[in-house]
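Every value quoted in this text rests on a predicted model; they were computed, and no experiment measured them. Because only heavy atoms are used, hydrogens play no part in the values below, and waters and symmetry mates are left out as well, while side chains stay in.
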Amino acid sequence: MSDSRTMLDPPKAGPREWLGLAVLALPTLLLAMDVTVLYLAVPHLTADLRPTGIELLWIADSYGFLIAGFLITMGTLGDRIGRRRLLMLGASGFAAASVLAAFATSPLLLILARALLGIAGATLMPSTLALITTMFREGGQRATAIGVWATCMSAGMAAGPILGGLMLESFWWGSVFLLALPVMALLLATAPTLLPEYRDPAAGRIDVPSVLLSLAAILPAVFGIKKAAETGFSLGSVAAILIGLGFGFVFVRRQRRLASPLLDLGLFGNPAFRAALLILLFGLGTVGGSYLFITQYLQLVRGSTPLNAGLWLLPPAAALLIASTLTPIIARTVAPRFVVAGALALATAGYLSLVFVDAVGGLPLLIAGFVLVYAGISPLMVLGTDLVIGATPPERAGSAAAMSETSMEFGVATGIAVLGALGTAVYRADASSAPEMPAAAADSLGAADAVAADLPAELGDAIRAAAREAFTNGLNLTALVCAAITAVLTVVALRSLRPPVGAAGTEHDVLSIPTRAE
């Protein structure tokens, strides 16, 4: 019996595959950095290009819109034309668009460059995850490889503010985009030797109407969510979300009728697959919403510069790195559902700590609580992604990777919108009730600082204190909601991330659940 199991065991990866993983880590690291460095460059590019308010929003948002819109299409395209080929095409496009962004001479040119970066970026993440699945077939090695992938994402998020701040002190704003060039050059030089090619031999043609329907579903929904995060829910933002949902319904109906669908809805028949996507969606949503308030707390309540705020966020980032590294090791001896549930319980404790942060001396508790949150969320990114990929046939790994990435993108965007609207509502209610607060200062904490700067010192200080207290109350309430969400997700993990009934082996087999009967 043991001999037959040995014959059926998937082959283990060798030195070439581990070197290839180092190559795949490069675009992951870069894309995570690219999320944060632009925000530091905004004051510099604003002074140089003088964009209008609408143009500035599109400079910031076009990248995320296009990544979210094209993830599913690019993930499925990689399954059809070859994942390494798509990765190299995307790397070339990303490098070219980075040069265009770095030397943009007008806001419209920069918006175009950021949109092209988003389309190219949408090819990179699904390709890296799908290639990891091809290279690391054994469950334990695949979990370790995805742990390295998640660690690089964490490292990029941590390094972005630091490296971006240092470059902006010495060079012009466009220099932050040129960070992509050496990374993509190394990827293009080493990929043909170290990365295997894989495509689905039975894949049909890309269904163009499905591509258009997916864009018509995702882009309005993301636009509506982002608008709600910026200005609160309005008729326009709600209408955009409903339009996206309507096209999404049509998209799903079409996929059910196609022999070679753009999105394989059959994958959702696996309970572990569904639960993993749900946990990624809502777990990353809590991080997106809380991160928004924590960065504002550091800069607007505590008065930190962007660089100092980035330094304060290093301990949580270190916790994320350590947890990403340890998760695959722990999951070798502890069933993944217990690892995920324990991590969610840890994140719940971190959010509960943030409930008690105050506006005056709350910085130590804020950082300690966010350390627990990041340490608890990291295993979701590692094991949640591994559960999604491991529950998928190899020929559909690109599509599954795209669904995982899309779930995380939507989670972060939705968390920022919903939790941001909730915290803003608390701020406005509390600020409006303060007797010394002018109406203009009750709109946002930044507005309160601007109003206070034009008033006598004593009155200005009173307005700032009241505004900071109101903002912190919003942070406390959103943290409480996040704690409730992660507590519910803990139960979901325990109940749903199980091996299928009648599965052989231990609960560790959940990392390699087949989706088709053999």
Side-chain angles (χ1 to χ4, degrees), residues 57-58 61-83 85-87 89-90 92-94 97 108 111-127 129-130 199-200 202-228 236-268 277 281 392 395-414 417:
L57 286 176
W58 280 108
D61 290 341
S62 57
Y63 177 75
F65 284 167
L66 273 294
I67 276 190
F70 278 92
L71 272 171
I72 291 176
T73 298
M74 293 303 182
T76 306
L77 183 64
D79 291 337
R80 284 165 165 77
I81 71 169
R83 295 162 187 170
R85 177 185 295 179
L86 184 65
L87 180 70
L89 288 172
S92 301
F94 200 91
L108 290 179
I111 291 169
L112 173 63
R114 291 279 292 168
L116 293 174
L117 281 171
I119 296 173
T123 70
L124 299 177
M125 296 303 279
S127 297
L129 276 174
R199 64 176 61 88
D200 180 6
R205 292 183 176 181
I206 288 283
D207 182 56
V208 175
S210 292
V211 172
L212 298 177
L213 283 172
S214 71
L215 292 175
I218 293 173
L219 293 179
V222 173
F223 176 79
I225 290 169
K226 283 185 173 288
K227 290 302 294 180
S237 62
V238 171
I241 294 171
L242 292 176
I243 290 170
L245 291 175
F247 279 111
F249 176 76
V250 177
F251 172 80
V252 169
R253 290 194 62 180
R254 183 173 182 84
Q255 302 317 292
R256 294 185 184 280
R257 297 197 302 265
L258 293 175
S260 298
L262 185 69
L263 182 64
D264 187 359
L265 300 179
L267 296 174
F268 289 91
L277 283 182
L281 176 69
T392 307
E395 66 272 13
R396 301 298 291 163
S399 179
M403 279 188 267
S404 172
E405 287 293 317
T406 304
S407 181
M408 288 191 278
E409 288 279 344
F410 264 105
V412 172
T414 305

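No side-chain heavy atom of Pro220 sits under 4.5 Å from any side-chain heavy atom of Ile241. The shortest side-chain heavy-atom distance between Arg83 and Leu87 does not fall under the 4.5 Å cut-off. Between Met74 and Leu124 there is no side-chain heavy-atom pair separated by less than 4.5 Å.
One finds the CG atom of Leu219 at 12.0 Å from the CD1 atom of Ile243 (value rounded to the nearest 0.5 Å). To the nearest 0.5 Å, the span separating OG on Ser214 from CD on Gln255 amounts to 8.0 Å. Remark: Leu212 CG to Phe247 CZ distance equals 10.0 Å, nearest 0.5 Å.
The heavy-atom pair separating Ala120 from Gly90 by the smallest distance is CB-O, 3.6 Å. Of all heavy-atom pairs between Leu117 and Phe94, the closest is CD2-O, 3.5 Å. Minimum interatomic distance between Gly248 and Ala217 (heavy atoms only, all atoms of both residues): N-CB, 3.4 Å.
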Let's go through Leu215 and Phe70 carefully: what are the C-alpha distance in whole Å and the side-chain angles of both, what is the deciding distance for side-chain contact (heavy atoms from CB on, under 4.5 Å) to 0.1 Å, and is it a yes or a no?
CA-CA 7 Å; Leu215 292 175; Phe70 278 92; 3.9 Å; yes

